[in-house]
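Below is one structure, written out as structure tokens, with a few remarks after it.
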Amino acid sequence: MEIILSALIGILFGTGVYLLLKRSIVKLILGIIFLTNAINLLVFIAGGLAKDNPAFIKQAGGMYSDPLPQALVLTAVVITFGISALILVLKYKYYQKTGTDDLDKVKETEEL
């Protein structure tokens, strides 16, 4: 299971970096969202996967799930949602002012 999730994290990181290198602001926003999701999965996997073991309750084998990574990921998801909403609103206002989302076209209009 960890290998599949590690491959998924690698794909998310690669996709996020690829989208960050594009000129469109929408693709930049999507790249940031992909990167934050990859980081959340990375923190979750780093905490360890304990299948069928609840948090804080020791089973007969002495294993229990670590609740700290789960709490950190939950907090990061909420913060990411807020930041994504803010970025999308800023992008909307930016598009209203400039009429484009391509950063090179904005630079050309400033030179005129």
Side-chain angles (χ1 to χ4, degrees):
M1 185 68 170
E2 287 90 2
I3 293 180
I4 295 171
L5 288 175
S6 298
L8 178 65
I9 291 169
I11 291 170
L12 285 174
F13 268 115
T15 306
V17 169
Y18 177 75
L19 289 174
L20 282 176
L21 296 175
K22 294 294 180 182
R23 290 186 276 180
S24 174
I25 294 177
V26 176
K27 291 179 183 174
L28 178 87
I29 294 167
L30 287 174
I32 291 171
I33 291 171
F34 275 114
L35 279 177
T36 55
N37 286 331
I39 292 170
N40 287 340
L41 278 175
L42 184 66
V43 168
F44 192 67
I45 294 299
L49 295 176
K51 187 175 181 180
D52 297 333
N53 290 328
F56 295 120
I57 300 173
K58 286 196 176 187
Q59 297 291 327
M63 293 291 297
Y64 61 92
S65 258
D66 188 13
L68 183 63
Q70 297 171 14
L72 289 175
V73 168
L74 182 62
T75 304
V77 166
V78 172
I79 292 170
T80 301
F81 177 73
I83 289 174
S84 298
L86 176 68
I87 290 173
L88 286 173
V89 169
L90 289 175
K91 189 261 176 234
Y92 178 71
K93 289 294 184 183
Y94 178 81
Y95 183 77
Q96 281 184 339
K97 288 282 186 184
T98 62
T100 184
D101 68 339
D102 190 0
L103 297 175
D104 285 344
K105 290 182 182 176
V106 172
K107 188 176 178 181
E108 290 172 4
T109 58
E110 287 178 358
E111 291 174 357
L112 297 175

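No hydrogens, no waters, no symmetry mates; every other heavy atom, side chains included, goes into these values.
Evaluation of the salt bridge (Lys or Arg N to Asp or Glu O under 4.0 Å) test over residues 78-99, restricted to residues two or more places apart or in two chains, returns none. For residues 12-21, the pairs satisfying side chain to side chain donor-acceptor pair (under 3.5 Å) are Tyr18-Lys22, with sequence neighbours left out.
Under the 4.5 Å side-chain heavy-atom criterion for Ile, Leu, Val, Met, Phe, Trp and Tyr, Val17 and Leu12 are members of the same hydrophobic cluster. Under a hydrophobic clustering in which Ile, Leu, Val, Met, Phe, Trp and Tyr are joined whenever their side-chain heavy atoms come within less than 4.5 Å, directly or via other members, Leu19 and Tyr95 fall into different clusters. Put simply, Leu21 and Leu30 are part of the same group of oily side chains (I, L, V, M, F, W, Y) that touch within less than 4.5 Å, one to the next.
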Do any side-chain atoms of residues 77-88 form donor-acceptor pairs under 3.5 angstrom with protein atoms, and if so which ones, sequence neighbours left out?
from	atom 1	to	atom 2	distance (Å)
Thr80	OG1	Ala76	O	2.7
Ser84	OG	Thr80	O	2.8

Per-pair distances, 0.1 Å, donor-acceptor, side chain in residues 37-48, under 3.5 Å, sequence neighbours excluded:
from	atom 1	to	atom 2	distance (Å)
Asn37	ND2	Ile33	O	3.3
Asn40	ND2	Thr36	O	3.3

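Across Ile25, Val26, Ile32, a single residue satisfies side chain to side chain contact (heavy atoms under 4.5 Å, CB included) together with Ile29, and that is Ile25.
The CG atom of Leu28 lies 5.5 Å from the CG atom of Leu20; values are rounded to the nearest 0.5 Å.
Applying the side chain to side chain donor-acceptor pair (under 3.5 Å) rule to Lys27 yields no partners; only residues at least two apart in sequence or on another chain are considered.
Other residues, nucleotides and ligands contribute only 12 or fewer heavy atoms inside 6.0 Å of the CD1 atom of Ile3.
In terms of heavy-atom proximity, Leu35 sits nearest to Phe13 at CD2-CD2, 3.4 Å.
Proximity of Leu90 to Tyr94: side-chain heavy atoms (C-beta onward) are nowhere separated by under 4.5 Å.
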